[in-house]
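Here's the structure, in C-alpha coordinates; my notes come after.
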Amino acid sequence: MRDVAIVGANMIKFGRYPDKDVVRLGSEAVLGALKDAGCTIQDIEVLVSGNLYQSNAGVGQRIMKEVGATGIPVVNVANACATGSTAFREAWLSVASGAYDTALAVGSEQMGKMGLLGGGGGGDRAYSTEGVMGTGLMPGVFGQAGVEHMRKYGTTQEQFAKVAVKNHHHSLGNPYAQYQMETPLEDVLNARPVAWPNTLYMCCPTGDGAAAAILMSAEKAKQFTTKPIWVAASVLTSDPYSERNPTMFDINTLTRNASKEAYEKAGIGPEDLSQVELHDCFATAELLHYENLQLCGEGEAGRMIDEGATKIGGKIPVNASGGLLSKGHPLGATGVANIVEIVWHLRGEAGARQVEGSKVGLAHVIGLGSACTINILKK
Amino acid sequence: MTTETATEKQNKPLLDFIRVPEKYPAEDAYLWGTVCSACGAKFLGDRVACGKCGKTEGLKEVKFGPHGEIYVFAVVYQATPGLETPYVGAIIDLDDGVSVRGNVYGLDPTKPEPSWFGKRVKMYTEKVATDKEGNDVIAAKFKVA
(Lines give C-alpha, C1' and ligand atoms only; values in the text may rest on other atoms or scores of the structure.)
Protein backbone atom coordinates (compact mmCIF):
# COMPACT_ATOMS: atom_id res chain seq x y z
CA MET A 1 0.00 0.00 0.00
CA ARG A 2 1.21 3.52 -0.80
CA ASP A 3 1.13 6.50 1.55
CA VAL A 4 -1.97 8.61 1.04
CA ALA A 5 -2.37 12.30 1.88
CA ILE A 6 -5.49 14.34 2.52
CA VAL A 7 -5.06 17.51 0.53
CA GLY A 8 -8.55 19.00 0.67
CA ALA A 9 -11.27 18.85 3.32
CA ASN A 10 -14.57 20.62 3.72
CA MET A 11 -18.00 20.31 5.28
CA ILE A 12 -21.11 22.43 5.27
CA LYS A 13 -22.76 23.43 8.53
CA PHE A 14 -25.04 20.58 9.55
CA GLY A 15 -28.67 21.53 10.01
CA ARG A 16 -31.90 21.54 8.08
CA TYR A 17 -31.99 22.57 4.45
CA PRO A 18 -35.57 22.07 3.27
CA ASP A 19 -34.98 24.30 0.22
CA LYS A 20 -32.03 22.29 -1.12
CA ASP A 21 -31.68 18.70 -2.27
CA VAL A 22 -28.99 16.27 -1.19
CA VAL A 23 -27.09 16.64 -4.47
CA ARG A 24 -26.76 20.37 -3.88
CA LEU A 25 -25.55 19.79 -0.32
CA GLY A 26 -22.98 17.25 -1.51
CA SER A 27 -21.88 19.52 -4.36
CA GLU A 28 -21.28 22.43 -1.99
CA ALA A 29 -19.01 20.22 0.15
CA VAL A 30 -17.17 18.96 -2.95
CA LEU A 31 -16.58 22.48 -4.29
CA GLY A 32 -15.32 23.52 -0.87
CA ALA A 33 -12.89 20.60 -0.75
CA LEU A 34 -11.63 21.30 -4.31
CA LYS A 35 -11.03 24.93 -3.36
CA ASP A 36 -9.29 23.88 -0.16
CA ALA A 37 -7.00 21.55 -2.13
CA GLY A 38 -6.36 24.13 -4.83
CA CYS A 39 -7.38 21.71 -7.56
CA THR A 40 -10.29 21.28 -9.95
CA ILE A 41 -12.71 18.46 -10.68
CA GLN A 42 -10.50 17.65 -13.70
CA ASP A 43 -7.75 16.59 -11.27
CA ILE A 44 -9.98 13.95 -9.66
CA GLU A 45 -9.66 10.40 -10.99
CA VAL A 46 -12.35 8.59 -8.98
CA LEU A 47 -15.30 9.65 -6.82
CA VAL A 48 -16.74 7.65 -3.96
CA SER A 49 -20.06 8.96 -2.66
CA GLY A 50 -21.63 7.92 0.62
CA ASN A 51 -25.38 8.33 1.04
CA LEU A 52 -27.77 6.04 2.85
CA TYR A 53 -31.36 7.07 2.29
CA GLN A 54 -30.91 7.60 -1.46
CA SER A 55 -28.48 4.73 -1.96
CA ASN A 56 -30.29 3.61 -5.10
CA ALA A 57 -30.47 7.07 -6.65
CA GLY A 58 -27.00 7.64 -8.09
CA VAL A 59 -26.15 10.52 -5.76
CA GLY A 60 -22.45 10.37 -6.73
CA GLN A 61 -23.17 10.68 -10.46
CA ARG A 62 -25.67 13.47 -9.83
CA ILE A 63 -23.04 15.38 -7.84
CA MET A 64 -20.63 14.98 -10.77
CA LYS A 65 -23.28 16.38 -13.13
CA GLU A 66 -23.53 19.36 -10.79
CA VAL A 67 -19.83 20.08 -10.35
CA GLY A 68 -18.43 18.88 -13.70
CA ALA A 69 -19.16 15.49 -15.26
CA THR A 70 -15.74 14.29 -16.36
CA GLY A 71 -16.73 10.66 -16.88
CA ILE A 72 -14.54 9.24 -14.12
CA PRO A 73 -15.53 6.09 -12.20
CA VAL A 74 -18.16 6.83 -9.56
CA VAL A 75 -18.98 4.43 -6.75
CA ASN A 76 -21.99 4.85 -4.48
CA VAL A 77 -21.56 3.45 -0.99
CA ALA A 78 -24.10 2.61 1.71
CA ASN A 79 -22.95 1.18 5.05
CA ALA A 80 -25.36 2.27 7.78
CA CYS A 81 -24.06 5.13 9.95
CA ALA A 82 -20.55 4.30 8.73
CA THR A 83 -21.57 5.16 5.15
CA GLY A 84 -19.45 8.32 4.84
CA SER A 85 -16.38 6.85 6.50
CA THR A 86 -16.67 3.75 4.33
CA ALA A 87 -16.74 6.02 1.27
CA PHE A 88 -13.58 7.68 2.59
CA ARG A 89 -11.93 4.31 3.07
CA GLU A 90 -12.82 3.19 -0.47
CA ALA A 91 -11.30 6.43 -1.79
CA TRP A 92 -8.22 5.80 0.35
CA LEU A 93 -7.97 2.24 -1.04
CA SER A 94 -8.22 3.58 -4.58
CA VAL A 95 -5.08 5.66 -4.04
CA ALA A 96 -3.25 3.40 -1.58
CA SER A 97 -3.54 0.46 -3.98
CA GLY A 98 -1.86 2.45 -6.73
CA ALA A 99 -4.89 2.31 -9.00
CA TYR A 100 -5.41 6.09 -8.92
CA ASP A 101 -3.40 9.14 -7.86
CA THR A 102 -6.32 11.29 -6.74
CA ALA A 103 -9.68 10.38 -5.24
CA LEU A 104 -12.59 12.34 -3.87
CA ALA A 105 -14.78 11.08 -1.03
CA VAL A 106 -18.08 12.82 -0.41
CA GLY A 107 -20.71 12.02 2.18
CA SER A 108 -24.16 13.55 2.09
CA GLU A 109 -27.54 13.01 3.71
CA GLN A 110 -30.88 14.69 3.98
CA MET A 111 -32.94 13.36 6.84
CA GLY A 112 -35.37 16.23 7.26
CA LYS A 113 -37.40 16.03 10.42
CA MET A 114 -37.86 12.30 10.57
CA GLY A 115 -36.79 12.24 14.18
CA LEU A 116 -35.34 9.41 16.18
CA LEU A 117 -38.02 6.97 15.19
CA GLY A 118 -37.43 7.17 11.46
CA GLY A 119 -37.28 3.89 9.64
CA GLY A 120 -38.89 2.03 12.47
CA GLY A 121 -42.21 1.27 10.88
CA GLY A 122 -43.48 -2.18 10.10
CA GLY A 123 -43.44 -1.80 6.31
CA ASP A 124 -46.83 -2.42 4.77
CA ARG A 125 -48.01 -4.42 7.74
CA ALA A 126 -50.63 -2.95 9.99
CA TYR A 127 -48.55 -3.80 13.05
CA SER A 128 -44.94 -3.76 14.17
CA THR A 129 -42.72 -5.67 16.56
CA GLU A 130 -41.34 -2.40 17.96
CA GLY A 131 -42.46 -1.84 21.51
CA VAL A 132 -44.36 -5.12 21.44
CA MET A 133 -41.43 -7.49 21.57
CA GLY A 134 -38.79 -5.24 23.03
CA THR A 135 -37.10 -2.49 21.09
CA GLY A 136 -34.81 -2.44 18.08
CA LEU A 137 -34.76 1.29 17.45
CA MET A 138 -31.56 3.15 18.14
CA PRO A 139 -32.57 4.99 21.36
CA GLY A 140 -33.49 1.69 23.00
CA VAL A 141 -30.53 -0.19 21.58
CA PHE A 142 -28.01 2.38 22.83
CA GLY A 143 -29.90 2.66 26.10
CA GLN A 144 -29.41 -1.08 26.57
CA ALA A 145 -25.73 -0.81 25.62
CA GLY A 146 -25.27 1.79 28.35
CA VAL A 147 -27.21 -0.29 30.85
CA GLU A 148 -24.90 -3.22 30.09
CA HIS A 149 -22.00 -0.98 31.18
CA MET A 150 -23.96 -0.10 34.34
CA ARG A 151 -24.43 -3.79 35.04
CA LYS A 152 -20.74 -4.61 34.55
CA TYR A 153 -19.14 -1.62 36.24
CA GLY A 154 -21.75 0.32 38.20
CA THR A 155 -21.62 3.26 35.81
CA THR A 156 -24.33 5.83 36.61
CA GLN A 157 -26.80 7.80 34.50
CA GLU A 158 -25.08 10.94 35.76
CA GLN A 159 -21.75 9.80 34.33
CA PHE A 160 -23.37 9.21 30.94
CA ALA A 161 -25.06 12.61 31.20
CA LYS A 162 -21.67 14.26 31.69
CA VAL A 163 -20.82 13.24 28.12
CA ALA A 164 -23.67 15.43 26.88
CA VAL A 165 -22.56 18.30 29.13
CA LYS A 166 -19.01 18.10 27.74
CA ASN A 167 -19.89 17.69 24.07
CA HIS A 168 -22.51 20.44 24.05
CA HIS A 169 -19.97 22.69 25.76
CA HIS A 170 -17.44 21.90 23.04
CA SER A 171 -20.00 22.79 20.37
CA LEU A 172 -19.92 26.44 21.43
CA GLY A 173 -16.64 26.65 19.52
CA ASN A 174 -17.93 24.94 16.39
CA PRO A 175 -19.93 27.06 13.92
CA TYR A 176 -20.49 23.92 11.79
CA ALA A 177 -22.53 22.23 14.53
CA GLN A 178 -26.28 21.89 14.13
CA TYR A 179 -26.78 22.93 17.76
CA GLN A 180 -24.52 25.21 19.78
CA MET A 181 -25.87 25.31 23.27
CA GLU A 182 -24.68 24.84 26.82
CA THR A 183 -26.50 22.03 28.65
CA PRO A 184 -25.64 21.93 32.37
CA LEU A 185 -25.82 18.54 34.09
CA GLU A 186 -29.10 19.35 35.79
CA ASP A 187 -30.71 20.26 32.45
CA VAL A 188 -29.45 17.05 30.84
CA LEU A 189 -30.79 14.87 33.65
CA ASN A 190 -34.13 16.73 33.76
CA ALA A 191 -34.64 16.74 29.99
CA ARG A 192 -37.40 14.58 28.55
CA PRO A 193 -36.39 10.91 28.80
CA VAL A 194 -36.17 9.22 25.39
CA ALA A 195 -34.96 5.77 26.36
CA TRP A 196 -33.55 5.58 29.87
CA PRO A 197 -30.77 6.19 30.68
CA ASN A 198 -30.62 8.60 27.69
CA THR A 199 -32.58 11.85 27.87
CA LEU A 200 -33.22 14.17 24.93
CA TYR A 201 -29.89 16.00 25.28
CA MET A 202 -28.11 12.65 25.34
CA CYS A 203 -29.39 11.77 21.83
CA CYS A 204 -27.94 13.13 18.59
CA PRO A 205 -30.26 15.15 16.38
CA THR A 206 -31.17 14.09 12.86
CA GLY A 207 -30.55 16.58 10.10
CA ASP A 208 -28.98 17.36 6.75
CA GLY A 209 -25.33 17.74 5.90
CA ALA A 210 -22.42 17.01 3.61
CA ALA A 211 -18.65 16.74 3.83
CA ALA A 212 -15.87 15.96 1.35
CA ALA A 213 -12.20 15.04 1.34
CA ILE A 214 -9.62 14.85 -1.43
CA LEU A 215 -6.97 12.17 -1.21
CA MET A 216 -3.75 11.95 -3.22
CA SER A 217 -0.62 9.86 -3.53
CA ALA A 218 2.43 11.39 -1.86
CA GLU A 219 3.92 12.32 -5.23
CA LYS A 220 0.73 13.95 -6.48
CA ALA A 221 0.10 15.77 -3.19
CA LYS A 222 3.38 17.67 -3.57
CA GLN A 223 1.88 19.54 -6.52
CA PHE A 224 -0.87 20.98 -4.37
CA THR A 225 0.29 21.36 -0.78
CA THR A 226 3.28 21.64 1.50
CA LYS A 227 1.17 20.57 4.51
CA PRO A 228 -0.42 17.22 3.69
CA ILE A 229 -2.29 15.29 6.37
CA TRP A 230 -1.39 11.60 6.22
CA VAL A 231 -3.72 8.65 6.57
CA ALA A 232 -1.75 6.49 9.01
CA ALA A 233 -4.44 3.79 9.09
CA SER A 234 -7.86 3.24 7.56
CA VAL A 235 -9.71 0.23 8.92
CA LEU A 236 -13.17 -1.24 8.39
CA THR A 237 -14.64 -4.10 10.40
CA SER A 238 -17.97 -5.86 10.69
CA ASP A 239 -19.30 -7.53 13.81
CA PRO A 240 -18.05 -11.06 14.40
CA TYR A 241 -20.33 -13.67 15.96
CA SER A 242 -21.17 -13.01 19.58
CA GLU A 243 -23.81 -14.91 21.47
CA ARG A 244 -26.51 -12.24 21.93
CA ASN A 245 -26.05 -10.59 18.53
CA PRO A 246 -28.24 -9.74 16.59
CA THR A 247 -30.91 -9.91 19.32
CA MET A 248 -28.70 -7.37 21.06
CA PHE A 249 -26.41 -5.47 18.71
CA ASP A 250 -22.78 -5.70 19.75
CA ILE A 251 -21.25 -2.26 19.29
CA ASN A 252 -18.12 -3.12 21.25
CA THR A 253 -16.34 -6.08 19.68
CA LEU A 254 -16.01 -4.67 16.18
CA THR A 255 -14.76 -1.34 17.56
CA ARG A 256 -12.18 -3.18 19.65
CA ASN A 257 -11.09 -5.18 16.63
CA ALA A 258 -10.88 -2.05 14.48
CA SER A 259 -8.88 -0.05 17.03
CA LYS A 260 -6.40 -2.88 17.57
CA GLU A 261 -5.84 -3.18 13.83
CA ALA A 262 -5.65 0.59 13.35
CA TYR A 263 -3.05 1.09 16.09
CA GLU A 264 -0.98 -1.75 14.64
CA LYS A 265 -1.14 -0.36 11.11
CA ALA A 266 -0.35 3.18 12.24
CA GLY A 267 2.48 1.89 14.42
CA ILE A 268 1.24 3.85 17.42
CA GLY A 269 -0.66 3.27 20.62
CA PRO A 270 -3.64 5.09 22.13
CA GLU A 271 -1.21 7.09 24.31
CA ASP A 272 0.16 8.72 21.15
CA LEU A 273 -3.19 10.26 20.15
CA SER A 274 -3.67 14.02 20.45
CA GLN A 275 -7.45 13.77 20.10
CA VAL A 276 -10.39 11.56 19.13
CA GLU A 277 -13.65 12.13 17.28
CA LEU A 278 -15.80 9.13 18.17
CA HIS A 279 -19.33 8.01 17.43
CA ASP A 280 -21.42 9.53 20.24
CA CYS A 281 -24.79 8.93 18.59
CA PHE A 282 -26.02 8.63 22.17
CA ALA A 283 -24.20 9.74 25.31
CA THR A 284 -24.07 6.15 26.55
CA ALA A 285 -22.03 5.12 23.50
CA GLU A 286 -19.19 7.54 24.18
CA LEU A 287 -18.19 5.99 27.49
CA LEU A 288 -18.20 2.49 26.00
CA HIS A 289 -15.89 3.62 23.24
CA TYR A 290 -13.34 5.08 25.68
CA GLU A 291 -12.68 1.49 26.63
CA ASN A 292 -13.16 0.06 23.13
CA LEU A 293 -10.54 2.48 21.78
CA GLN A 294 -8.26 1.76 24.76
CA LEU A 295 -8.32 5.38 25.92
CA CYS A 296 -8.73 3.92 29.42
CA GLY A 297 -8.80 0.51 31.03
CA GLU A 298 -11.82 -1.78 31.40
CA GLY A 299 -14.50 -0.23 33.58
CA GLU A 300 -12.66 3.08 33.90
CA ALA A 301 -14.74 5.15 31.46
CA GLY A 302 -17.02 6.55 34.17
CA ARG A 303 -14.05 7.77 36.13
CA MET A 304 -12.49 9.19 32.97
CA ILE A 305 -15.47 11.47 32.31
CA ASP A 306 -15.66 12.39 36.02
CA GLU A 307 -12.05 13.53 35.93
CA GLY A 308 -12.56 15.65 32.82
CA ALA A 309 -9.81 13.83 30.93
CA THR A 310 -11.72 14.03 27.65
CA LYS A 311 -12.46 17.76 27.67
CA ILE A 312 -10.53 20.12 25.40
CA GLY A 313 -7.43 20.80 27.47
CA GLY A 314 -7.72 17.39 29.15
CA LYS A 315 -5.43 14.41 28.74
CA ILE A 316 -7.12 13.17 25.56
CA PRO A 317 -9.82 15.49 24.17
CA VAL A 318 -12.79 13.58 22.74
CA ASN A 319 -15.28 15.15 20.36
CA ALA A 320 -13.87 18.66 20.34
CA SER A 321 -16.37 19.31 17.54
CA GLY A 322 -19.26 18.86 19.93
CA GLY A 323 -19.70 15.31 18.71
CA LEU A 324 -22.74 13.93 16.99
CA LEU A 325 -24.75 15.06 20.03
CA SER A 326 -24.30 18.71 18.96
CA LYS A 327 -22.92 18.59 15.45
CA GLY A 328 -25.72 16.39 14.20
CA HIS A 329 -25.67 13.01 12.48
CA PRO A 330 -26.68 13.16 8.82
CA LEU A 331 -25.77 9.51 8.29
CA GLY A 332 -23.87 9.59 4.99
CA ALA A 333 -22.04 12.81 5.88
CA THR A 334 -21.04 11.96 9.45
CA GLY A 335 -18.00 9.78 8.75
CA VAL A 336 -16.41 12.22 6.32
CA ALA A 337 -17.15 15.15 8.63
CA ASN A 338 -15.31 13.44 11.50
CA ILE A 339 -12.25 13.19 9.25
CA VAL A 340 -12.60 16.83 8.14
CA GLU A 341 -12.70 17.86 11.81
CA ILE A 342 -9.47 16.00 12.58
CA VAL A 343 -7.81 17.49 9.47
CA TRP A 344 -8.70 21.00 10.62
CA HIS A 345 -7.20 20.39 14.05
CA LEU A 346 -4.01 18.88 12.65
CA ARG A 347 -3.62 21.95 10.44
CA GLY A 348 -4.33 24.27 13.37
CA GLU A 349 -7.43 25.62 11.62
CA ALA A 350 -10.11 24.58 14.12
CA GLY A 351 -10.71 28.02 15.59
CA ALA A 352 -12.11 28.39 19.10
CA ARG A 353 -12.23 24.63 19.67
CA GLN A 354 -8.66 23.98 18.48
CA VAL A 355 -6.86 21.18 20.32
CA GLU A 356 -3.50 22.87 20.76
CA GLY A 357 -0.56 21.16 19.15
CA SER A 358 -2.63 18.29 17.75
CA LYS A 359 -0.37 15.87 15.89
CA VAL A 360 -2.31 12.60 15.63
CA GLY A 361 -6.08 12.24 15.56
CA LEU A 362 -8.42 9.26 15.46
CA ALA A 363 -11.85 9.33 13.78
CA HIS A 364 -14.23 6.52 14.73
CA VAL A 365 -17.66 5.69 13.35
CA ILE A 366 -19.99 2.79 13.96
CA GLY A 367 -23.16 1.83 12.14
CA LEU A 368 -25.56 -0.96 13.06
CA GLY A 369 -25.52 -3.68 12.51
CA SER A 370 -22.73 -3.44 12.17
CA ALA A 371 -19.88 -1.58 10.48
CA CYS A 372 -17.01 0.20 12.19
CA THR A 373 -14.40 2.43 10.63
CA ILE A 374 -11.34 3.88 12.29
CA ASN A 375 -9.13 6.36 10.49
CA ILE A 376 -5.95 7.57 12.14
CA LEU A 377 -4.61 10.80 10.67
CA LYS A 378 -1.31 12.51 11.37
CA LYS A 379 0.61 15.60 10.35
CA MET B 1 -59.90 -20.53 -10.90
CA THR B 2 -61.28 -21.53 -7.58
CA THR B 3 -62.71 -19.20 -5.07
CA GLU B 4 -62.34 -19.77 -1.38
CA THR B 5 -65.74 -19.57 0.16
CA ALA B 6 -65.20 -19.22 3.87
CA THR B 7 -61.66 -18.56 5.09
CA GLU B 8 -61.34 -19.41 8.71
CA LYS B 9 -59.61 -16.96 11.02
CA GLN B 10 -56.15 -18.17 12.01
CA ASN B 11 -53.56 -17.34 14.62
CA LYS B 12 -50.36 -15.96 13.08
CA PRO B 13 -47.04 -15.36 14.83
CA LEU B 14 -45.73 -11.78 15.01
CA LEU B 15 -42.26 -13.11 14.25
CA ASP B 16 -41.19 -16.27 12.45
CA PHE B 17 -39.53 -17.75 15.53
CA ILE B 18 -42.83 -17.89 17.42
CA ARG B 19 -44.75 -21.10 16.72
CA VAL B 20 -48.48 -20.94 17.28
CA PRO B 21 -50.12 -24.41 17.41
CA GLU B 22 -53.39 -24.96 15.54
CA LYS B 23 -55.16 -25.49 18.86
CA TYR B 24 -53.86 -22.19 20.32
CA PRO B 25 -54.60 -20.99 22.97
CA ALA B 26 -55.54 -24.44 24.35
CA GLU B 27 -51.98 -25.37 23.41
CA ASP B 28 -49.25 -22.88 24.30
CA ALA B 29 -47.31 -20.99 21.66
CA TYR B 30 -43.56 -21.24 22.00
CA LEU B 31 -40.28 -19.97 20.60
CA TRP B 32 -38.20 -22.16 18.34
CA GLY B 33 -34.88 -21.97 16.64
CA THR B 34 -31.83 -23.80 15.44
CA VAL B 35 -28.86 -25.35 17.16
CA CYS B 36 -25.63 -26.16 15.33
CA SER B 37 -24.45 -29.64 16.29
CA ALA B 38 -20.91 -28.75 15.19
CA CYS B 39 -20.25 -25.74 17.43
CA GLY B 40 -23.30 -25.60 19.68
CA ALA B 41 -24.37 -22.07 18.67
CA LYS B 42 -28.08 -21.39 19.06
CA PHE B 43 -30.24 -19.09 16.97
CA LEU B 44 -33.84 -17.99 16.91
CA GLY B 45 -35.74 -19.26 13.87
CA ASP B 46 -34.56 -21.01 10.74
CA ARG B 47 -31.00 -21.02 9.35
CA VAL B 48 -29.39 -21.88 6.01
CA ALA B 49 -26.05 -22.19 7.80
CA CYS B 50 -24.58 -21.69 11.25
CA GLY B 51 -23.91 -17.98 11.77
CA LYS B 52 -20.95 -18.82 14.02
CA CYS B 53 -19.01 -21.58 12.25
CA GLY B 54 -20.65 -21.55 8.80
CA LYS B 55 -21.52 -25.29 8.74
CA THR B 56 -24.59 -26.12 6.68
CA GLU B 57 -25.03 -29.64 8.00
CA GLY B 58 -26.09 -30.74 11.45
CA LEU B 59 -28.51 -27.88 12.04
CA LYS B 60 -31.35 -29.04 14.28
CA GLU B 61 -34.62 -27.43 15.24
CA VAL B 62 -35.13 -26.82 18.97
CA LYS B 63 -37.78 -25.34 21.23
CA PHE B 64 -36.88 -22.38 23.50
CA GLY B 65 -38.38 -20.90 26.66
CA PRO B 66 -40.43 -20.00 28.57
CA HIS B 67 -38.01 -19.32 31.46
CA GLY B 68 -35.16 -16.85 31.54
CA GLU B 69 -33.74 -13.73 33.12
CA ILE B 70 -33.23 -10.08 32.30
CA TYR B 71 -29.75 -9.40 30.93
CA VAL B 72 -30.12 -5.66 30.24
CA PHE B 73 -32.94 -3.24 29.44
CA ALA B 74 -33.83 0.29 28.45
CA VAL B 75 -36.94 2.13 29.56
CA VAL B 76 -38.48 3.44 26.38
CA TYR B 77 -40.43 6.70 26.66
CA GLN B 78 -40.51 7.88 23.08
CA ALA B 79 -42.28 5.34 20.90
CA THR B 80 -44.59 4.90 17.96
CA PRO B 81 -47.99 6.48 18.71
CA GLY B 82 -50.41 3.98 20.20
CA LEU B 83 -47.84 2.14 22.31
CA GLU B 84 -48.10 2.31 26.04
CA THR B 85 -45.08 4.17 27.44
CA PRO B 86 -42.85 4.02 29.32
CA TYR B 87 -42.15 0.33 28.85
CA VAL B 88 -39.26 -1.90 29.77
CA GLY B 89 -37.58 -3.12 26.57
CA ALA B 90 -35.23 -5.87 27.65
CA ILE B 91 -32.79 -8.44 26.37
CA ILE B 92 -33.84 -11.73 27.93
CA ASP B 93 -31.36 -14.57 28.31
CA LEU B 94 -33.47 -17.71 28.08
CA ASP B 95 -32.36 -20.66 30.17
CA ASP B 96 -31.92 -22.66 26.96
CA GLY B 97 -28.95 -20.50 25.96
CA VAL B 98 -30.43 -18.05 23.47
CA SER B 99 -31.39 -14.39 23.91
CA VAL B 100 -34.56 -12.65 22.76
CA ARG B 101 -35.89 -9.10 22.82
CA GLY B 102 -38.95 -8.62 24.96
CA ASN B 103 -41.16 -6.26 26.90
CA VAL B 104 -41.13 -7.06 30.59
CA TYR B 105 -44.20 -6.45 32.74
CA GLY B 106 -44.49 -6.45 36.52
CA LEU B 107 -41.79 -3.81 37.09
CA ASP B 108 -42.27 -0.10 37.69
CA PRO B 109 -40.73 1.45 34.54
CA THR B 110 -40.24 4.79 36.28
CA LYS B 111 -37.93 3.23 38.87
CA PRO B 112 -35.24 1.25 37.07
CA GLU B 113 -32.79 -0.33 39.47
CA PRO B 114 -29.82 -2.70 39.53
CA SER B 115 -31.94 -5.44 41.11
CA TRP B 116 -33.52 -5.92 37.69
CA PHE B 117 -30.29 -7.46 36.40
CA GLY B 118 -30.70 -11.20 36.42
CA LYS B 119 -34.33 -10.99 37.49
CA ARG B 120 -36.24 -14.16 36.65
CA VAL B 121 -38.95 -13.79 34.03
CA LYS B 122 -41.41 -16.08 32.30
CA MET B 123 -42.67 -15.81 28.75
CA TYR B 124 -46.34 -15.68 27.85
CA THR B 125 -48.07 -15.12 24.54
CA GLU B 126 -51.07 -13.06 23.60
CA LYS B 127 -52.87 -11.46 20.69
CA VAL B 128 -51.38 -8.05 19.91
CA ALA B 129 -52.95 -7.16 16.56
CA THR B 130 -55.20 -8.25 13.74
CA ASP B 131 -53.67 -8.55 10.27
CA LYS B 132 -55.26 -7.49 6.98
CA GLU B 133 -56.90 -10.90 6.51
CA GLY B 134 -58.49 -10.70 9.94
CA ASN B 135 -56.14 -13.20 11.59
CA ASP B 136 -55.04 -12.77 15.19
CA VAL B 137 -51.35 -11.86 15.50
CA ILE B 138 -49.66 -13.53 18.46
CA ALA B 139 -46.60 -12.07 20.23
CA ALA B 140 -44.37 -13.20 23.07
CA LYS B 141 -44.03 -11.07 26.21
CA PHE B 142 -42.43 -11.51 29.61
CA LYS B 143 -43.57 -11.06 33.16
CA VAL B 144 -41.59 -11.13 36.36
CA ALA B 145 -41.62 -14.72 37.61
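The analysis underlying the following values was restricted to heavy atoms, covering all of them including side chains, and did not include hydrogens, waters or symmetry mates.
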Non-hydrogen side-chain atoms of [X] and [Y] separated by less than 4.5 Å:
{"X": "A:M133", "Y": "B:N103", "value": "no"}
{"X": "A:V194", "Y": "B:Y77", "value": "no"}
{"X": "B:V72", "Y": "A:M150", "value": "no"}

Q | Engaged part of A:P197 at the chain B interface, taking heavy atoms whose separation is under 4.5 Å | A |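 Neither the backbone nor the side chain of A:P197 comes within 4.5 Å of chain B.
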Side chain from CB out, backbone as N, CA, C, O: work out which of these in [X] comes under 4.5 Å of a heavy atom of chain A, or both, or neither.
{"X": "B:K52", "result": "both"}
{"X": "B:Y87", "result": "side chain"}
{"X": "B:I92", "result": "neither"}
{"X": "B:L83", "result": "side chain"}
{"X": "B:V128", "result": "side chain"}
{"X": "B:I70", "result": "backbone"}

Q: Heavy atoms only: give me the nearest B:F117-A:V147 pair and the separation to one decimal.
A: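 Looks like CE2-CG1, 3.4 Å.
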(Q) Using every non-hydrogen atom in the two residues, find where B:A74 and A:G140 come nearest and quote the distance to one decimal. (A)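 That closest heavy-atom pairing would be CB-O, 3.6 Å.
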Q | Heavy-atom pairs under 4.5 Å with chain A, option from B:A41, B:C53, B:G102 with the top count | A | B:G102
Q.
Looking only at heavy atoms and a cut-off of under 4.5 Å, which of B:A139, B:G51, B:A140 has the most pairs with chain A?
A. B:A140
Mark yes when over 12 heavy atoms from residues, nucleotides or ligands other than [X] sit less than 6.0 Å from its [atom1]; otherwise mark no.
{"X": "B:K141", "atom1": "NZ", "result": "yes"}
{"X": "B:K127", "atom1": "NZ", "result": "yes"}
{"X": "B:E27", "atom1": "CD", "result": "yes"}
{"X": "B:E22", "atom1": "CD", "result": "no"}
{"X": "A:E182", "atom1": "CD", "result": "yes"}
{"X": "B:F64", "atom1": "CZ", "result": "yes"}
{"X": "A:E186", "atom1": "CD", "result": "no"}
{"X": "B:D16", "atom1": "CG", "result": "no"}

Distance (rounded to the nearest 0.5 Å) between [X] [atom1] and [Y] [atom2]:
{"X": "A:W196", "Y": "B:T110", "atom1": "CH2", "atom2": "OG1", "answer": "11.5 Å"}
{"X": "A:L137", "Y": "B:Q78", "atom1": "CG", "atom2": "CD", "answer": "10.0 Å"}
{"X": "B:T80", "Y": "A:E130", "atom1": "OG1", "atom2": "CD", "answer": "6.0 Å"}

Q: Identify whether NZ of Lys or CZ of Arg in A:R244 sits under 6.0 Å from the centre of the six-membered ring of B:F43 and within 45° of that ring's axis.
A: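 Judged by the rule, A:R244 and B:F43 form no cation-pi pair.
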Q. Do side-chain atoms of B:S99 reach the backbone of A:T247 as a donor and acceptor pair under 3.5 angstrom?
A. no
**Q.** Side chain A:E243, main chain B:G97, donor-acceptor under 3.5 Å
**A.**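 Not a single qualifying donor-acceptor pair exists.
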Q. So, B:Y71 versus A:E148: side-chain donor-acceptor pair below 3.5 Å or not?
A.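 Yes, a side-chain donor-acceptor pair sits under 3.5 Å.
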